[in-house]
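Heads up: the structure comes next, in structure tokens.
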Amino acid sequence: MNKNILLLKTLLLSTSRINTLRYCKDGKKKGKIIGGIVGVCMLYLLVMGFAILTCIGYGMTGMIQAAPVMCALIMSLLAFVFTLFKTNGYLFNFKEYDMLMSLPFAPKSIAACKFLYMYIKGMAWHLSISVAMLIGYGIFAKPAFYVYILWLVLTLFVPIIPTLLASFLGFIIARIFAGFKRRNILQTVFTFIFVIAVFAFRFLMEDMLKDGKVKETLEQSYDMTVGIAKVYLPAGWFSDGVTGSNILSVLFLVVISVVLFVVLFMLVGRSYRTINSKLKSHAAARKYKMTSQKKKGILNTIAFKEFKRLVGSTTYMTNGAMGVILSTLLGIVTLIIGFDKIIGLVTKGAQFDHAVVQPAIPFIIFFFIGMVSTTCCSPSLEGKNYWIIKSLPLDMKKVYQGKMLFNMYMNVPAMIVTTLCMCISAKVPVLETILYLILGFVLCAFSTTWGCVCGIKHMKLEWENEIEVIKQGAAVTIYLLPNMFVTMILTGASVFLGIIMGHILPTVIITIVYAGLAVVSYIGAMALAKKK
């Protein structure tokens, strides 16, 4: 077997859930894998439903010819965004770098295999969109049989160019910032800007689709997609190849994708060792002066270690700190624009007394800062360094108490700022403001302790990339789902009870309940710490 193909096959098998399920004998682990596969399949079905509905919209308005262009654009955008966020972790600065570079592979071959690994791992998303839109296109356009085959074949090539562009951009960023101490800041900022833009885009689309603007919006999107296809040539080639059977366009898409792939990894291969070596090194100040060392407590030292781990990882920072930043922005925006206007925007201008929503303020804030807790994934992030912690003269209770302390350090200040901003804007009385602050603190304590229970109980120390435990880990999923649904239910319940009983009594009751849950979770976390 060609050794490059062997390397790619090994990379895929080592992270394959199906492969793990096939050989694993642990029934509990098999259950987690099956649950993860079912969850991912549900997401694929949601994406396919969205794609089919898009084609139905085009078909009902007689603009089905825009479907191939839209399909290519959606796949390209998805490939670009996903690759840009995964480059620093899959292509560069990955865990098994030293092992791979010691094997008889050229640097450009390793870089190319890591790229193909990213490409194949994302292909399921692209096929979900492509197959769904092909079904919708086939219903309305009724093309010849060969169009279905050509569509599916070209789907394999459409994501290559945007994935290459994102990889090249990641390469440039890594090349420029490889020698800097805060090299991950730029990618983190890009991620924050993207997420905020997605939130803004959601409200923009909602405004465009209301009041009978659906047809007008589809017509505008048709003109826009046609215009973009003239600028972004791969989308135009895909559309011409599928709808017009243009052999030249098919050849352009296939040949240029392959040529760009070869050229890019010839360039990347020249600097691949240098970039990874610098990314794994640590910057040092030129004018370093030895000063007296400050003595810190054990818990604060562990909390500071978690802080360094957070700011040292783009993926960890964008997941762990995103809610804190969005929550703070929400508070500032509410203080500037006004609580009534924000509620009016969400409720589509419905006429009612906005004061009834005030009891939901702590839960609205918690929806941002409590949906992801650093304590869910921080135990798993220790990875192969876990034995170092076990060998230190530290009680494991202290270790997890320090991790919980860091999460409180990060969440509580953001909660206080946002609560005060929203309460001032909503003109909440002083007593109720104090109660909301207390409830917010209790909610932060609950999310911290419950997250620690999930993180310890479902600890995963064997991982290929930190994304597996930060985004896809069982601990994060088990923490998130019940927390999200319970928060949504209690948000509505707090408003309903506030109408019947006033604002103070429901807040006190819910605070006591969550305080009890936080205590139980803390006791559970400490009990689990003894066994680990």
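Only a predicted model underlies this, so the values are computations on that prediction, with no experimental measurement involved.
- Taking the centre and axis of the six-membered ring of Phe406, the NZ or CZ atom of Lys403 falls outside the cone set by 45° and 6.0 Å.
- Considering only heavy atoms from C-beta on, Met415 stays 4.5 Å or farther from Ser327 through its side chain.
- Atom SG of Cys71 and atom CG of Leu154 lie 10.5 Å apart (nearest 0.5 Å).
- Taking the ring-ring contact (aromatic ring centres under 6.0 Å, His included) definition, one finds that Phe115 meets it with Phe261, Phe265, sequence neighbours left out.
- In terms of heavy atoms, Leu8 sits closest to Tyr117 at CD1-N, 3.8 Å.
- Looking at Thr163 and Phe80, their side chains never come closer than 4.5 Å, going by heavy atoms from C-beta outward.
- Put simply, CG on Asn411 and CZ on Phe366 are 9.0 Å apart, with the number rounded to the nearest 0.5 Å.
- A pairwise comparison of heavy atoms in Leu78 and Ile129 identifies CD2-CD1, 3.7 Å as the closest pair.
- When side chains are defined from C-beta on, Val158 counts as touching Ser76, because their heavy atoms get closer than 4.5 Å.
- The shortest side-chain heavy-atom distance between Ile332 and Val417 does not fall under the 4.5 Å cut-off.
- Partners of Phe252 by ring-ring contact (aromatic ring centres under 6.0 Å, His included), not counting sequence neighbours, listed by chain and number: Trp237.
- Scanning all heavy atoms of the two residues, the minimum distance from Ser373 to Ser447 falls at OG-O, 3.5 Å.
- Between the side chain of Ser239 and the backbone N or O of Ala235, no donor-acceptor pair lies under 3.5 Å.
- Using a 4.5 Å heavy-atom threshold, the side chains of Leu156 and His126 count as separate.
- Here CD1 of Ile160 is found 8.0 Å from CG of Leu116. Values are rounded to the nearest 0.5 Å.
- In terms of the ring-ring contact (aromatic ring centres under 6.0 Å, His included) criterion, Tyr148 has no residue partners (sequence neighbours excluded).
- In this structure, a donor-acceptor pair under 3.5 Å is absent between the side chains of Thr375 and Asn407.
- Scanning all heavy atoms of the two residues, the minimum distance from Met422 to Gly331 falls at CG-CA, 4.4 Å.
- For the pair Trp151 and Pro143, the minimum side-chain heavy-atom distance is 4.5 Å or more.
- Within the 4.5 Å cutoff, side-chain heavy atoms of Thr374 are placed close to those of Met410.
- Closest heavy-atom contact between Ile478 and Trp450: O-CZ2, 4.1 Å.
- Looking at Val476 and Tyr479, their side chains never come closer than 4.5 Å, going by heavy atoms from C-beta outward.
- Closest heavy-atom contact between Leu335 and Cys421: CD1-O, 3.7 Å.
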